[in-house]
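Down below is the structure, laid out as structure tokens.
Atom set for the values below is all heavy atoms of this structure, side chains included, hydrogens, waters and symmetry mates excluded. Each chain gets a letter, A, B and so on, in the order its sequence line appears, and its residues count up from 1.
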Amino acid sequence: MTGDRWADWQWFRTELLAWYAQHGRDLPWRRTHDPYAILVSEFMLQQTQVVTVIAHYQKWLKQLPTIQTCAQAQPQDIFKLWEGLGYYRRATYLHQTCQIIVREYGGKIPQALDTLITLPGIGRTTAGGILSHAFNLPTPILDGNVQRVLSRLFALTTPPHRNQKQLWHYSQRLLDPVAPGRFNQALMDVGAGVCLPKDPQCGRCPWQNGCMSTQTQQQHDLPVREPGKEIPHRTIGVGVIWNAQGQVLIDQRPSTGLLANLWEFPGGKVEAGESVPDCIRREIYEELGLEIQVGEHLITVNHRYTHLRVTLVVHHCFYRSGIPELRGCQAYAWVELPDLCRYPFPQANQKIIQALQESPIPPYPLEMGGGRVQSK
DNA sequence: CAATCGTGGGT
DNA sequence: TACCCAAGATT
């Protein structure tokens, strides 16, 4: 690159598209022209790697093959299909977006960028991805891959999150106006498979001869990243509360905040100087108004979120008295173990469920009414 | 604009 | 093990 010459930009496009024809990934959402399917893939791919998305993508489209079926689905089904993918707000946003498109746009995805980004969960990158991929419209994208590729290609020494305007400019300027769909897909493939965060594979890069950071051996130092912050840790006491019918109590988390709308085994943060059984007894009373007896330890689960680490100390518990009140949750349910799979749970709770299914059901304490009542 | 929002892969 | 990073959007 010796200047802002048309031939230089065209060279990037030609090289990239030629490389893509040989080395592009074969992905499920590249085998369809259905804009709805592409919309689904774009939502799932937000901050989530391809290998993680594929199974969920295929299951989703099998159960909700059209935008109409998605719009009409129950929230519980939406969350169940999203289970395990994380960032669960995306599921609600996708559901809402499909409902709006069906209701207000005749089931056709709007092809105007300004319209698309007004829909829930659709920002500029997702909108650009949909428009370029589904309709071959010349809309740029700027995901993590593209930010890294562009930072190296043009040797941009400002951290990407402080340099969004310039990065968008480059993404727009570089975009192939004839084949924007394939170009954007190719750009992300370079980021995901060649221009790796650590150990960039410059020898396999179609842009090796035009990359400014490679010429000065800066590619390992770009993009510039700022040090992260420390992640706090909490210990959480969790109760698997059994009733005399052999059912366990679960609750649905609030509609906002961490793991919104998902189901869980009730519990809460262990306060300073408090024992775990005391914590569980207190939390169950505060959140549900139930009196329980805390029993033996079931499992301890360590889990990491983006901004939080938790240790879940889980105990078997036994219902004594009270009717559940909805204080810190949306709903509750007494369920038998085989029915737990009907409810969407976060990953940390999946480990509890697995432990439950592998461990024998604890005997109901004799002093609390004798043997278990066999339900049905 | 900084914080929030999950989970799995890779080093 | 302990990080970093991922087809980001929202508030």
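Note on A/H303: only backbone sugar-phosphate atoms sit closer than 4.0 angstrom, heavy atoms only; bases stay farther off. Using a 4.0 Å heavy-atom criterion, one finds that A/Q347 contacts the sugar-phosphate atoms exclusively. Among the atoms of the strands shown, base atoms are found under 4.0 Å from some heavy atom of A/W29. In this structure, A/L187 reaches neither bases nor backbone, as no heavy-atom distance under 4.0 Å exists between it and the strands shown. A/I122 comes within contact range of the sugar-phosphate backbone alone, with a heavy-atom separation under 4.0 Å but no base atom that close. Residue-level contact check: A/G191 touches neither bases nor backbone, having no heavy atom under 4.0 Å from any strand.
The base of B/dG6 lies outside donor-acceptor range of the side chain of A/R89, with no N or O pair under 3.5 Å. Checked by distance alone, A/T48 brings a side-chain donor or acceptor within 3.5 Å of a matching partner on the base of B/dG6. Under 3.5 Å, the side chain of A/R304 and the base of C/dA2 form no donor-acceptor pair of N or O atoms. Residue A/Q47 places no side-chain atom within donor-acceptor reach of the base of C/dA9, judged by atom type and a 3.5 Å distance cut-off alone.
Ranking C/dT11, C/dA7, B/dC5 by closeness to the A/L27 side chain, first place goes to C/dA7. In the set B/dG9, B/dC5, C/dT11, the nucleotide with an atom closest to the side chain of A/Y87 is B/dC5. When distances are taken from the side chain of A/V50 to each of B/dT7, B/dG8, C/dA7, the shortest belongs to C/dA7.
Between A/A348 and A/H307, the one whose closest nucleotide on DNA chain B sits nearer the 5' end is A/H307. A residue-by-residue look at A/L85 and A/V51 shows that A/L85 has its nearest nucleotide of DNA chain B further toward the 5' end.
Contact between the side-chain N/O atoms of A/R225 and the OP1/OP2 oxygens of C/dC5 is found at a separation under 4.0 Å. OP1 or OP2 of B/dT7 lies within a sub-4.0 Å distance of a side-chain N or O belonging to A/Y88. Dashed line: the shortest gap from a side-chain N or O of A/K229 to OP1 or OP2 of B/dA3 is under 4.0 Å.
For A/H303 and A/Y305, the ring centers sit closer than 6.0 Å to each other. The distance between the ring centers of A/F79 and A/Y88 does not fall below 6.0 angstrom. Taking the six-membered ring for Trp and the full ring otherwise, the centers of A/Y319 and A/W242 sit at least 6.0 Å from each other.
Listed in residue order, the members of residues 125-139 of chain A having a heavy atom less than 4.0 Å from DNA chain C are A/T125, A/T126.
In the model, A/E83 has no side-chain atom that pairs as donor or acceptor with a side-chain atom of A/Q347 under 3.5 Å.
No donor-acceptor pair under 3.5 Å is formed between the side chain of A/K59 and the backbone N or O of A/W82.
With P as the reference atom, B/dG8 and C/dA9 are 22 Å apart, rounded to whole Å. Spacing between B/dC5 and C/dC5 at atom C1', rounded to whole Å, works out to 16 Å.
A salt bridge links A/D26 with A/R31: the distance from a Lys NZ or Arg NE/NH1/NH2 to an Asp or Glu carboxylate oxygen falls below 4.0 Å. Under a 4.0 Å N-O distance rule, the pair A/K269/A/E283 does not qualify as a salt bridge. Of the charged side-chain nitrogens involved, at least one lies within less than 4.0 Å of a carboxylate oxygen, so that A/D189 and A/R30 count as a salt-bridged pair.
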